[in-house]
Amino acid sequence: MITPATTLFGVEHPIVQTGMGWVSGSKLTAATANGGGLGIIASATMTFDQMVTAIDEVQAATDKPFGVNMRTDALDIDKRVQHLITSGVKVASFAQAPGEKIVKTLKDAGVVVMPTIGAPRHAEKVAEWGVDAVIAQGAEGGGHTGVIPTSLLIPSVLDAVDIPVIAAGGFFDGRGLAAALTYGAAGIAMGTRFMLTSDSEVDDSVKAVYMQTALTGTVVTKAIDGAPQRVVRTEVIDKLESAGPLGLPRAVANAIKFRKLTGTSIPDLLREGLTMKKNQNLTWSQLAMAANAPMLTKATMVDGELDVGILPTGQGVGAIDSLPTSAEVIAQVMAEAEEALRKVQSWT
Ligand SMILES: Cc1cc2nc3c(=O)[nH]c(=O)nc-3n(C[C@H](O)[C@H](O)[C@H](O)COP(=O)(O)O)c2cc1C
């Protein structure tokens with residue numbers, strides 16, 4: 001199947017495995033690339049050196065194109081962007097709008113720029129800056145997410161911009177891909193479906209909890225870091241929602257722990273916190289929550305500590321009950337999509 005997405009990324013199938021912090025390392029990304037989709041390394045939770053190693057590992061495991069997801073407000077973002085360029089990474093993905101300067105630098109070097117957006121006006125803004133494609137993530141999606149459902153976001157973003165739109169938020173099978181293509185999207189991006197594969201780096205005990213979660217088992221909460229985030233509803237979330245912010249001392253301790261992991265010095269940590277507070281107009285208590293969030297995710301995803309951590313996920317988790325390989329997911333989604341499209345054609 002050839003779509004504007006397969007052509008833009010140089011991959012076989014119009015399926016993107018998104019960058020997911022603590023989840024999509026080199027193993028999942030390489031497995032997706034070898035399965036014919038676009039795999040994306042999540043580097044927001046990696047030090048610069050870890051990102052370099054992850055890129056090296058993917059390049060050792062495949063000669064197929066892949067992407068790297070980054071935080072635009074990372075202090076070393078320029079260094080990361082330069083490394084993507086020199087190492088020949090095909091796609092740069094961003095959770096937030098990357099800014100005109102970063103878009104230009106990457107595009108001048110031939111790197112495909114693809115931010116994730118959750119509203120048509122955000123798509124218009126990044127399209128004006130010259131990005132090559134957008135992932136439009138509807139409210140059903142995992143992690144930080146907007147309020148517009150996928151079924152309304154996709155047509156409005158398609159109407160708003162002229163670049164390839166990759167539909168995301170709640171996709172888990174080939175019927176979803178067929179529907180997205182019929183809307184006019186160039187492909188789909190999936191997070192939760194790829195998180196629940198044998199190639200993802202999440203502990204098996206944590207995968208088991210996800211697999212038991214029903215379609216009604218998730219919630220969007222601002223109690224984690226001040227921005228709406230979809231997670232499995234657990235006791236930890238109920239406590240966070242009823243007790244409010246975890247308190248400044250714990251936030252500072254968690255922020256220091258996380259920054260140590262990502263190689264940030266204390267002066268840089270303070271500078272980053274103050275810049276975040278100013279740019280995102282956060283109150284001190286929101287800043288404290290934001291500082292806590294990465295460690296709350298790491299606690300579950302990496303350390304398997306289900307009693308203290310959080311479980312980011314899309315609503316699609318309720319429709320998933322198997323742990324195939326990434327390549328098997330891609331093959332099955334493609335077969336189902338082709339079947340669904342054939343069926344509709346036979347009716348016309
Ligand atoms: C565990 C988890 C971690 C995530 N981390 C990131 C991240 O680091 N950067 C990012 O841009 N998006 C992140 N996301 C969002 C996904 O990249 C993707 O857009 C979303 O999962 C799509 O919706 P779906 O889960 O319904 O497929 C995360 C999602 C999950 C479930």
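Owing to the predicted nature of the structure, the values given are computational and were not obtained by experimental measurement. Note that ligands are numbered from 1 as they come in the structure, with each ligand's atoms numbered from 1 the same way.
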What's the shortest distance from atom 9 (N) of ligand 1 to any protein heavy atom, and which residue and atom give it?
-> Asn69 OD1, 2.9 Å
If you count the atoms of ligand 1 from 1 in the order shown, which ones are under 4.0 Å from a heavy atom of Met190?
-> 27 (O)
Give the residue and atom name of whichever protein heavy atom lies nearest to atom 14 (N) of ligand 1, and the separation in Å to one decimal.
-> Gly19 O, 3.9 Å
Do Met114 and Leu38 have side chains that get closer than 4.5 Å, going by heavy atoms?
-> yes
Determine yes or no for a side-chain-to-main-chain donor-acceptor pair under 3.5 angstrom, with Ser242 supplying the side chain and Lys239 the backbone.
-> yes
Applying a strict 4.0 Å limit to heavy atoms, is Gly316 in contact with ligand 1?
-> no
For residues Ser326 and Asp199, is any side-chain donor paired with an opposing acceptor at under 3.5 Å?
-> no
Where do Ala168 and Thr150 come nearest, in terms of heavy atoms and distance?
-> O-OG1, 3.4 Å
heavy-atom search around atom 20 (C) of ligand 1 in the protein gives Gln137 OE1, 3.5 Å
Say whether Gly170, considering both its backbone and side-chain N or O atoms, lies within less than 3.5 Å of an N or O atom on ligand 1.
-> yes
Polar proximity ligand 1 side, Arg193 side, N/O cut 3.5 Å exclusive = no
Mind checking whether Val231 and Thr313 have side chains closer than 4.5 Å, heavy atoms only?
-> no
Is there a donor in the side chain of Arg230 and an acceptor in the side chain of Thr218, or the other way round, less than 3.5 Å apart?
-> yes
Is the closest side-chain heavy-atom distance between Pro155 and Tyr183 below 4.5 Å?
-> yes
Who's the nearest protein heavy-atom neighbour of atom 31 (C) of ligand 1, and how far?
-> Pro312 O, 3.6 Å
Looking only at protein heavy atoms, which one is nearest to atom 16 (C) of ligand 1, and how far off is it?
-> Thr18 OG1, 3.3 Å
For atom 25 (O) of ligand 1, the closest protein heavy atom turns out to be Thr192 OG1, 2.6 Å
Considering only non-hydrogen protein atoms, determine which one is nearest to atom 27 (O) of ligand 1 and report residue, atom name and distance to 0.1 Å.
-> Gly191 N, 2.8 Å
Using distance alone, decide if ligand 1 has a nitrogen or oxygen within less than 3.5 Å of any nitrogen or oxygen in Thr116.
-> no
Will you find, in the side chains of Gln332 and Glu328, an N or O donor that is under 3.5 Å from an N or O acceptor?
-> no
Does the side chain of Thr116 pick up a donor-acceptor pair with the side chain of Gln137 at under 3.5 Å?
-> no
Same cluster or not: are Phe66 and Phe9 linked, directly or through other Ile, Leu, Val, Met, Phe, Trp or Tyr residues, by side-chain heavy atoms under 4.5 angstrom apart?
-> no
Could you tell me which atoms of ligand 1, counted from 1 in the order shown, lie closer than 4.0 angstrom to a heavy atom of Gly142?
-> 15 (C), 20 (C), 21 (O), 23 (O), 24 (P), 25 (O), 26 (O), 29 (C)
Give the contacting part of Met301 toward ligand 1: side chain, backbone, both or neither, where contact means a heavy-atom distance below 4.0 Å.
-> side chain
For Glu12 and Thr6, test the side chains for any donor-to-acceptor distance below 3.5 angstrom and give the result as yes or no.
-> no
Can you list the ligand 1 atoms lying under 4.0 Å from a non-hydrogen atom of Gly169?
-> 23 (O), 26 (O)
Treating Ile, Leu, Val, Met, Phe, Trp and Tyr as nodes and any side-chain heavy-atom pair under 4.5 angstrom as an edge, say whether Met46 and Ile85 lie in one connected cluster.
-> yes
With a 4.0 Å heavy-atom cut-off (strictly under), which part of Met20 contacts ligand 1: side chain, backbone, both or neither?
-> both
Please report which non-hydrogen protein atom sits nearest to atom 8 (O) of ligand 1, along with the residue it belongs to and the distance in Å to one decimal place.
-> Gly21 N, 3.2 Å
Ligand 1 contact on Ala42 by region, counting heavy-atom pairs under 4.0 Å = neither
Could you list the atoms of ligand 1 found under 4.0 angstrom from a heavy atom of Ala95?
-> 10 (C), 11 (O)
